[in-house]
Number of protein chains: 2
Amino acid sequence: MGQVLKEKSSPDDNDNTGKLSASDRVAGAILQDIRSGRLVPGQHLLEPELTSRLGISRGSLREALKHLAAAGIVDLNRFRGAYIAALDRKSVLDLLDTLEPLARLAARLAATNCPNDRAAQRLVKSAKVLEDLRLSGQRGDYLNERRRFYDMMVEMGGNVELARAMPLSRTDLFRAQVETRQSESQRRRHAEGYAKIAAAVQARDAAAADKAVADHFAGTRKTMAELPAEVFPNG
Amino acid sequence: MGQVLKEKSSPDDNDNTGKLSASDRVAGAILQDIRSGRLVPGQHLLEPELTSRLGISRGSLREALKHLAAAGIVDLNRFRGAYIAALDRKSVLDLLDTLEPLARLAARLAATNCPNDRAAQRLVKSAKVLEDLRLSGQRGDYLNERRRFYDMMVEMGGNVELARAMPLSRTDLFRAQVETRQSESQRRRHAEGYAKIAAAVQARDAAAADKAVADHFAGTRKTMAELPAEVFPNG
DNA sequence: TTTCCTGATATTGTCTGACGAAATCATATG
DNA sequence: CATATGATTTCGTCAGACAATATCAGGAAA
């Protein structure tokens with residue numbers, strides 16, 4: 001699944017009442033722990049540890065793990081358990097190639113279909129928050145806000161299928177791997193990318209939004225090329 | 001989530017031994033039943049019926065349903081159970097907008113990175129099989145071969161993340177809705193689209209492959225516009 | 001010492017049974 | 001006919017059990 005994992009009630013939630021099932025809470029908690037750094041890519045998830053820590057039964061936990069596996073967040077190995085997925089360099093570049101056309105579509109749609117000025121302003125605000133968190137905030141806060149930025153942009157575009165297909169949770173995963181290894185200038189480049197995207201959307205300029213996303217991805221590819229091999233599994 | 005649901009052992013399978021878990025077998029069986037028409041969009045899936053028919057426990061079934069829900073194949077409603085997802089007209093058009101850039105990327109990659117002639121020939125062969133099945137075959141056979149075509153093309157391109165992100169299972173879903181309502185000419189247009197894509201890939205012409213996919217999607221949009229409202233839920 | 005085999009332990013995959021919560025259905029009542 | 005009420009169904013979740021498999025520790029052999 002493209003993914004389709006959010007923690008709060010959202011269009012793709014499994015229930016419409018606002019109450020989350022146990023497995024959804026668990027899936028959200030694991031995602032949150034990945035963004036915050038509590039769980040790291042490659043880490044082995046033990047059922048006994050998780051069930052006791054989260055206070056749920058094995059059945060609910062296993063449902064959550066199936067959900068996360070479908071989203072590519074964890075790898076399930078028969079009789080060996082669940083591991084937080086770890087992306088090697090090729091997978092990261094493949095993921096960027098895959099995400100880019102979807103993100104560009106999202107940006108074009110947001111610029112075209114932006115329902116009102118308040119929505120665009122929220123996007124700009126989110127970009128500003130990212131700029132602030134880049135310096136002051138915790139790592140998890142930055143990644144949470146980044147996710148919020150994408151979710152908002154997709155929602156503004158009004159294409160419900162896009163929200164499903166965009167592999168944002170998987171991107172969170174590689175961001176979590178990379179986040180602590182970036183230089184200040186790389187971090188700045190990243191945060192500024194969102195500001196430019198938001199500005200283009202606010203200006204209702206679809207072509208500029210498309211280009212802003214393309215530039216943003218080019219910057220990310222540059223950063224990936226600059227990172228040392230130890231950041232990725234298998235050299 | 002893009003999807004990530006295959007029935008046989010495949011790159012995204014949860015085990016590397018070739019043996020499938022019970023929940024994966026169930027998920028595959030449900031997908032197959034959708035393609036073959038045994039299960040129709042909107043249908044309510046009852047746990048007691050499925051556990052007895054498939055001979056598995058409720059726990060395994062629920063794991064499978066979580067997996068399918070993450071892929072957008074079933075809707076899970078708290079205390080109301082699982083329903084085969086049904087796409088209204090807007091969702092179908094949104095899905096086409098989302099899938100198109102990914103399919104074009106897949107075609108370009110396949111044309112560029114096609115490892116050997118045999119692979120390209122298999123793609124052409126698959127397109128021919130589709131042309132045959134269009135007339136003679138069962139509905140499920142056509143949709144299965146169509147899925148195989150996409151899987152092959154993606155694999156030829158060598159981008160593993162693309163396989164995850166492409167919402168092919170969700171497309172199966174809307175194909176299953178639409179398949180029996182198409183005219184002969186619409187069906188022919190669809191099958192011929194694959195032949196043109198395969199030819200461009202075989203010629204190693206990325207630009208032509210990209211255009212062939214774009215044309216194919218344009219044809220599908222046309223077909224969607226021609227279909228009557230009763231094909232889709234909610235008019 | 002190093003390597004290989006073997007058994008003990010740990011972990012997962014799966015099933016069964018149970019119970020409360022919520023939805024659905026049938027019936028009675030106005 | 002509409003509505004309220006109780007019975008039934010179905011789901012969400014848990015606890016416990018057992019088999020299959022992987023992992024690890026310790027001993028035997030080179």
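Note on naming: letters A, B, ... go to the chains in the order of the sequence lines (proteins, then strands), and numbering restarts at 1 for each one.
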Counting side-chain heavy atoms from C-beta on, which of [options] comes nearest to [X]?
X	options	value
A/Ser57	D/dC14, D/dG12, C/dT11	D/dC14
B/Phe79	C/dA21, D/dT13, D/dA20	C/dA21
B/Leu46	D/dT13, D/dT10, C/dT14	D/dT10
B/Arg80	D/dT21, C/dA22, C/dA23	C/dA23
B/Ala22	C/dG13, C/dA22, C/dT14	C/dT14
B/Lys19	D/dT21, C/dC15, C/dT11	D/dT21

Any salt bridge between [X] and [Y], counting N to O under 4.0 Å?
X	Y	answer
A/Arg78	B/Asp24	no
A/Glu63	A/Lys66	no
B/Arg221	B/Asp97	yes

**Prompt:** Across the strands shown, which category fits B/Leu45 at heavy-atom distances under 4.0 angstrom: base, sugar-phosphate, nothing?
**Reply:** sugar-phosphate
**Message:** Any base atoms under 4.0 Å from A/Gly81, or only sugar-phosphate, or nothing? Heavy atoms, all strands.
**Reply:** sugar-phosphate
**Prompt:** Under 4.0 Å between a side-chain N or O of B/Ser60 and OP1 or OP2 of C/dC15?
**Reply:** yes
**Prompt:** Does OP1 or OP2 of D/dG12 have a side-chain N or O of A/Ser23 closer than 4.0 Å?
**Reply:** no
**Item:** Residue pair A/Val26 / A/His67, side-chain heavy-atom distance below 4.5 Å
**Value:** no
Would you mind reading off the distance between [X] atom [atom1] and [N] atom [atom2], rounded to a whole angstrom?
X	N	atom1	atom2	value
B/Ile56	C/dC15	CD1	P	7 Å
B/Leu61	D/dC11	CG	P	9 Å
B/Asp75	D/dC11	CG	P	15 Å
B/Arg78	C/dT24	CZ	P	14 Å
A/His44	D/dA22	NE2	C1'	10 Å
A/Glu47	D/dC14	CD	P	14 Å
A/Leu20	D/dG12	CG	P	13 Å
A/Arg62	C/dC15	CZ	P	10 Å

**Item:** Passing option when A/Ser126 is tested against A/Arg146, A/Met152, A/Met153, A/Gln121 for side-chain contact (heavy atoms from CB on, under 4.5 Å)
**Value:** A/Met152
**Message:** Tell me if the side-chain of A/Arg58 makes a donor-acceptor pair with the base of D/dG16, cut-off 3.5 Å, by modelled atom types.
**Reply:** no
